[in-house]
Amino acid sequence: MSKYTMHILVCGGTGCISAQSNEIVEQLMFHINEANMSEEVQVLKTGCFGFCEKGPVVKILPDNTFYVQVTPEDAEELVKEHIVKGRKVERLLYVDPTTEEVVSDSKHMDFYKKQMRVALRNCGFIDPDNIEEYIARDGYAALGMALGMTQQEVIDEVKKSGLRGRGGGGFPTGLKWEFAYKNKADQKYVVCNADEGDPGAFMDRSILEGDPHSVVEAMAICGYAIGATKGLVYIRAEYPLAIKRLEKAINDAREYGLLGKDILGSGLEFDIEIKFGAGAFVCGEETALIHSMEGMRGEPTTKPPFPAESGYWEKPTNVNNVETFANIPVIFLKGADWFASIGTEKSKGTKVFALAGKINNVGLIEVPMGITLREVIYDIGGGIKDGKKFKAVQTGGPSGGCLTEKDLDTPIDFDNLLAKGSMMGSGGMIVMDEDNCMPAVAKFYLEFTEEESCGKCTPCRVGTKRLLELLEKITHGKGTMEDVDVLRELSQVIKDTALCGLGQTAPNPILSTLDVFYDEYIAHIKDKKCPAGECSALLQYIINDKCIGCTACARVCPVNCITGTVKQMHVVDQEKCIKCGACMDKCKFKAIIKQ
Amino acid sequence: MSCESCNNELANDLYAQLEKFIDELPEKRGALISVLHKAQSLFGYLPKEVQIFVGRKLNVPVSQVYGVVSFYSFFTMIPKGKHPIAVCMGTACYVRGADKILDVFKRELGIEVGQTTEDGKFSIDALRCVGACGLAPVVLVGEKVYGRISTAEEVKKIISEYQE
């Protein structure tokens with residue numbers, strides 16, 4: 001590896017691959033060969049850099065130059081100018097939107113300045129398909145350290161770090177390990193939950209794609225600590241790239257003696273098998289996940305018994321999420337005290353968020369617990385898209401709630417988010433602006449939970465359906481004030497009586513938006529208006545006097561409801577209009593408004 | 001006639017491959033979901049006959065097989081179109097207008113989500129987050145990803161790419 005003097009890192013996360021990063025790698029290699037420099041320059045496809053908004057991202061080491069929105073056609077120029085002549089390609093560098101200055105080094109970009117990468121430490125730095133690169137960054141050293149400690153010492157170290165489960169619940173990880181350790185059985189299991197079902201979240205996938213060995217190593221450490229010889233990764237079949245890289249990581253680890261019968265000559269036995277999910281959100285719930293791994297419908301069962309007592313095939317099972325595992329090796333390498341020094345009193349370490357929605361810098365970020373929303377949205381996220389007004393940020397996905405302007409300075413941690421009526425969840429963070437209608441957002445989430453409800457318990461199966469019907473009524477302008485009371489009451493009943501986490505948290509998006517955006521519900525019910533202009537049933541497309549009669553709108557209308565002669569103002573027939581908005585997109589004169 | 005017989009041959013070959021996969025499993029207990037994954041990758045979908053075959057081979061009641069197939073959204077009992085269209089309905093895509101894009105696809109092709117056009121060319125699915133949120137709203141046709149699709153015009157252009 002040392003023979004190379006320069007490295008070109010190309011982001012190989014799903015977002016960038018969707019934007020042709022594979023072709024960029026090919027082109028770069030081709031032009032490096034042309035220039036006879038393949039001995040000195042290495043082209044690497046890495047995991048996600050996080051800055052998805054400006055993808056595909058290409059980074060050149062050692063000078064740390066950060067190129068954004070690169071296309072395969074740019075490869076030739078990058079090689080000829082930067083690599084051969086040492087001149088940066090100015091037009092592909094990142095331009096800070098506020099100062100309008102070119103920032104060539106990623107360390108100086110606002111997007112990265114406030115981040116702290118612990119779980120994502122290797123994502124975007126190493127080739128995830130090469131175990132030696134992971135080892136070169138102290139990979140598997142933590143496993144070696146753990147094997148030199150007693151099982152209880154390993155568990156105590158994790159307890160001392162204060163690490164809490166990153167999958168949503170926030171249960172102390174060390175305590176969970178201890179329960180599984182203390183239950184005696186002939187066989188125990190370590191399970192990694194990689195069934196990331198929260199729509200709009202891609203943290204776990206990015207870790208598995210960018211740094212699969214950190215999860216493999218952590219599972220082996222856990223296996224040693226609780227006394228399990230078998231590990232299972234439950235992963236969504238929809239994540240082909242993550243599966244491929246994880247499979248390679250497991251095989252390579254076996255070859256290097258880091259998995260198998262006699263790990264590092266210590267006599268420890270541990271191996272990992274991959275189990276495929278098949279698309280069911282409820283399988284994020286650990287009992288449901290275990291049933292799914294057993295080949296059955298992924299329906300939850302009541303706890304207790306907890307999986308730590310009776311889990312996979314009724315044996316003690318410890319289930320942790322991908323991001324939780326990714327934190328484990330660092331705790332051993334840098335010490336529990338170091339880890340516990342980051343974050344707030346009760347939430348230690350960092351959290352990875354998938355920042356998306358109406359924000360300038362969409363991407364994967366990792367920040368210390370206790371950072372404020374304002375820093376995340378305005379400093380890292382670069383503010384709201386198109387200069388619109390910030391309205392709310394939704395955290396915790398379908399189980400969470402909305403935070404608004406007044407919460408911008410609250411430090412983000414498990415307990416503060418709960419107190420604000422939302423939750424940490426797995427780390428989806430969706431930013432919304434003035435154009436997003438909050439009752440419609442609540443409806444969007446209820447459509448999701450209603451569809452994903454497994455149907456086992458009545459409160460969730462029937463309750464989510466009734467909640468959705470009420471929201472449909474309201475967003476169609478047919479709601480009554482009574483409906484709001486029913487929404488509240490029914491939500492409470494479901495929260496109190498549903499069997500598992502999915503049902504118990506399903507009403508959260510409603511309760512939270514009802515709390516914070518009550519006025520919007522009232523506007524839909526009393527005034528029959530959607531203030532954000534999103535609910536199409538309450539909207540009309542109207543052509544105003546800016547119309548010059550170009551007929552473009554009439555030609556694009558799929559139901560021919562726009563009439564008028566050339567050079568005369570056109571009119572929309574409201575009876576026939578299906579409110580698709582095609583005319584408004586087409587009009588060059590801003591003559592069509594919706595109200 | 002000849003066409004039918006070669007169809008049968010094709011199906012027999014697929015069943016043989018599935019049977020081999022099942023016979024070579026180290027453990028049949030708990031293998032139902034992985035067998036169904038294999039079956040769907042071979043047949044493209046999971047019709048009744050395949051479900052019965054799987055049930056017999058694994059010694060599991062067909063009702064249980066059907067229970068699993070109908071539970072998970074990844075499994076389908078309807079054959080997908082030649083060009084399966086999937087509109088991402090993850091939250092990031094939704095807040096950037098993916099629902100409107102989905103409506104245009106439905107209107108243009110005259111089918112609902114989960115259906116296939118009569119000529120078998122297109123099917124529409126709503127996906128939950130492909131993870132390319134920087135490109136929202138995202139549309140997939142087969143494996144190809146189309147990002148930042150925001151107007152009806154762009155939707156029509158995508159469809160026309162696949163109309164021979």
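In what follows, chains are A, B, ... by sequence order, proteins preceding strands, each numbered from 1. What you see below is based on every heavy atom in this structure, not just the backbone, and it leaves out hydrogens, waters and symmetry mates. Quantities reported herein were computed from a predicted structural model and do not represent experimental measurements.
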Considering only heavy atoms, which portion of T151(B) lies under 4.5 Å from any heavy atom of chain A: side chain, backbone, both, or neither? both

At a 4.5 Å cut-off on heavy atoms, which part of V556(A) comes close to chain B: side chain, backbone, both, or neither? both

Using the six-membered ring wherever Trp is involved, compare the ring planes of F444(A) and Y94(B) and label them parallel, tilted or perpendicular (cut-offs 30° and 60°). parallel

Sort out for me which of M584(A), E452(A), K358(A), M432(A) touches chain B most, counting heavy-atom pairs under 4.5 Å. K358(A)

Using a cut-off of 6.0 Å, state whether more than 12 heavy atoms not belonging to N59(B) lie near its atom CG. no

Given that the side chain runs from C-beta out, which part of S70(B) has a heavy atom under 4.5 Å from chain A: side chain, backbone, both or neither? side chain

Side chain, backbone, both or neither: which part of E143(B) has a non-hydrogen atom closer than 4.5 Å to chain A? neither

So for L364(A), is it side chain, backbone, both, or neither that comes closer than 4.5 Å to the heavy atoms of chain B? neither

Picking from S34(B), A152(B), A132(B), G67(B), which has the most non-hydrogen pairs under 4.5 angstrom with chain A? G67(B)

Below 4.5 Å from any heavy atom of chain B, which atoms of K586(A) appear? Answer side chain, backbone, both or neither. side chain

When L58(B), V68(B), V50(B) are each screened for side chain to side chain contact (heavy atoms under 4.5 Å, CB included) with L36(B), the one that passes is V68(B)

Geometric cation-pi criterion, K388(A) with F390(A): 6.0 Å, 45°: no

What part of Y445(A) is in contact with chain B, defined as an atom under 4.5 angstrom from a non-hydrogen atom: side chain, backbone, both or neither? side chain

For L102(B), the option from D125(B), V155(B), I85(B), V87(B) that meets side chain to side chain contact (heavy atoms under 4.5 Å, CB included): V87(B)

Between G295(A), C48(A), G15(A), C283(A), who has the most heavy-atom pairs with chain B when the cutoff is under 4.5 Å? G295(A)

For chain B, which candidate among A201(A), G55(A), A354(A), A237(A) shows the most heavy-atom pairs at distances under 4.5 Å? A237(A)

Which atoms of E53(A) come close to chain B, meaning under 4.5 Å heavy atom to heavy atom: side chain ones, backbone ones, both, or neither? both

Quick one: does any side-chain atom of T117(B) pair with a main-chain N or O of F122(B) as donor and acceptor, under 3.5 Å? yes

Regarding K20(B) and E24(B), does a basic nitrogen lie under 4.0 Å from an acidic carboxylate oxygen? yes

Around E314(A), counting heavy atoms of other residues, nucleotides and ligands shown, do more than 12 lie under 6.0 Å from its CD? no

Can you tell me which of Q64(B), R148(B), Q40(B) forms the most heavy-atom pairs within a distance under 4.5 Å of chain A? R148(B)

Less than 4.5 Å to any heavy atom of chain A: does that hold for the side chain of K156(B), its backbone, both, or neither? side chain

Is there a side-chain contact between V282(A) and F71(B) (heavy atoms, below 4.5 Å)? yes

Step by step, work out the ring-ring contact (aromatic ring centres under 6.0 Å, His included) result for Y312(A) and Y234(A). CA-CA 12 Å; Y312(A) 188 56; Y234(A) 183 80; over 10 Å; no

I need the residue from D433(A), T14(A), D585(A) with the largest number of non-hydrogen atom pairs under 4.5 Å to chain B. D585(A)

For K275(A), is it the side chain, the backbone, both, or neither that has a heavy atom closer than 4.5 Å to a heavy atom of chain B? side chain

Side chain, backbone, both or neither: which part of S536(A) has a non-hydrogen atom closer than 4.5 Å to chain B? neither

Which atoms of R29(B) approach chain A - backbone, side chain, both or neither, heavy atom under 4.5 Å: both

Okay, E451(A) and chain B: the region with an atom under 4.5 Å from a heavy atom over there is side chain

Aromatic ring centroids of F353(A) and F202(A) under 6.0 Å? no

Which of the residues S206(A), G279(A), A19(A) is involved in the greatest number of heavy-atom pairs with chain B at under 4.5 angstrom? G279(A)

Exceeds 12 heavy-atom contacts within 6.0 angstrom, atom NZ of K244(A): no

Should the pair R205(A) and Y239(A) be classed as cation-pi, given the thresholds of under 6.0 Å to the six-membered ring centre and 45° from the axis? yes

Please rank A280(A), C52(A), A356(A), S292(A) by heavy-atom pairs under 4.5 Å with chain B and give me the top one. S292(A)

